[in-house]
Amino acid sequence: MLVARDLLGKRLVRVLDDGTRLAGIIVEVEAYRGVPDAASHAFGGRRTPRNEVMYGPAGVAYVYFTYGMHHCMNVVCGRVGDPLAVLIRALEPTEGLGKMRELRSAGAGGPGPGSRRPGTGHRADTKLCSGPGKLCQALAIGRSLNGASLLGDSPLLIESSRGRPIVDELILTTPRIGIGYAGDWTARPLRWCIRGNPHVSGPRAGRV
DNA sequence: ATGACGATTTACT
DNA sequence: GTAAATCGTCATA
């Protein structure tokens, strides 16, 4: 929770094998509160090969594949045995935009219908990383990074922001997206985004 | 072995 | 607004 809030404004950096740096400011996150949270992959203490890293030490990535075509990335943040995580839902891209566009328009492993059609490569920069699946595609984040450390010298890491701190007035809190099955937990305000930031996911992009 | 279902994105009506 | 794309994962048997 506190971790989720504090992640806003920090920088997510991806260093590709060839040394290319891709990065963006985190502008939207969601907290998944583990065992009691009906929306969490670890609800009720469920522990499987997929979510195993959630039970490990904090500071690593939990990357999973869903809907047969998208990856999502979380920051594991609980103590060992407590499967807490924060889903990164959107970035404001700052470095490597060209490469991101290339990755996002790549056909292989690409998005849904229409992607096979030629000539649909152009996308607005505000849509480059404006969703959990989109940012993983733009930063080439796949299951090979599941369990990878996000600290220090790593192909995927989080840096403290050198810019202005994100004050509370800039933060919008809402229910989480895409978890209508979670009963009482569906409506809980566990999503944080930077108010009005155009890179936030959804048609209204952080405006309310 | 099998079947149901996504912490989504996109295109189309 | 609705629907399609697409497959790994998990529960059930």
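Hydrogens, waters and symmetry mates are skipped; everything else that's a heavy atom, side chains included, is used. Everything numeric here is computed off the predicted structure, so don't read it as measured data. Below, chain A is the first sequence line, B the second, and so on; all start at residue 1.
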Within-4.5 Å side-chain heavy-atom neighbours: A:Leu156 and A:Met73: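 Result yes, sub-4.5 Å side-chain heavy-atom pair found.
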
Close side-chain approach of A:Val53 to A:Asn146, heavy-atom, < 4.5 Å: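 With C-beta onward as the side chain, the pair touches.
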
Centroid distance under 5.5 Å and plane angle under 30°, A:Phe65 vs C:dG8: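 Stacking is absent between C:dG8 and A:Phe65, given that the ring centres and planes do not meet under 5.5 Å and under 30°.
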
Any side-chain N or O of [X] under 4.0 Å from OP1/OP2 of [N]?
X        : N      : value
A:Arg46  : C:dT9  : no
A:Lys134 : B:dT10 : yes
A:Arg188 : B:dA7  : no
A:Tyr62  : B:dA7  : no
A:Arg50  : C:dC10 : yes

Send over the distance from [X] [atom1] to [N] [atom2], rounded to a whole Å.
X        : N     : atom1 : atom2 : value
A:Leu135 : B:dT9 : CG    : C1'   : 13 Å
A:Leu128 : B:dT8 : CG    : P     : 19 Å
A:Glu52  : C:dT9 : CD    : P     : 14 Å
A:Tyr64  : B:dG6 : OH    : P     : 12 Å
A:His41  : B:dT8 : NE2   : C1'   : 12 Å
A:Gln137 : C:dA5 : CD    : C1'   : 14 Å
A:Asn74  : B:dG6 : CG    : P     : 17 Å
A:Phe43  : B:dG6 : CZ    : C1'   : 16 Å

Check every atom of [options] against the side chain of [X] and return the nucleotide holding the closest atom.
X        : options               : result
A:Pro49  : B:dT8, B:dT10, C:dC10 : C:dC10
A:Met69  : C:dA5, B:dT10, B:dG6  : C:dA5
A:Arg104 : B:dT9, B:dG6, C:dT9   : B:dT9

When we call it a touch if two heavy atoms are under 4.0 Å apart, what does [X] touch: a base, just sugar-phosphate, or nothing?
X        : value
A:Gly68  : base
A:Leu87  : base
A:Arg176 : nothing
A:Arg47  : nothing

Opposite nucleotide pairing with B:dA7, Watson-Crick or G-U, both atom distances under 3.5 Å: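 Its partner: none found.
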
Working for salt bridge (Lys or Arg N to Asp or Glu O under 4.0 Å), residues A:Arg176 and A:Asp37: CA-CA 12 Å; A:Arg176 293 172 291 181; A:Asp37 183 352; 2.7 Å; yes

Between A:Arg11 and A:Thr94, a side-chain donor and acceptor under 3.5 Å: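 A:Arg11 vs A:Thr94: donor-acceptor pair found between side chains.
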
Step-by-step salt bridge (Lys or Arg N to Asp or Glu O under 4.0 Å) determination, A:Asp125 to A:Arg101: CA-CA 8 Å; A:Asp125 287 347; A:Arg101 285 186 207 103; 3.1 Å; yes

Parallel, tilted or perpendicular: rings of A:His71 and A:Phe65 (30°, 60°):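 Rings of A:Phe65 and A:His71: tilted, 30 to 60°.
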
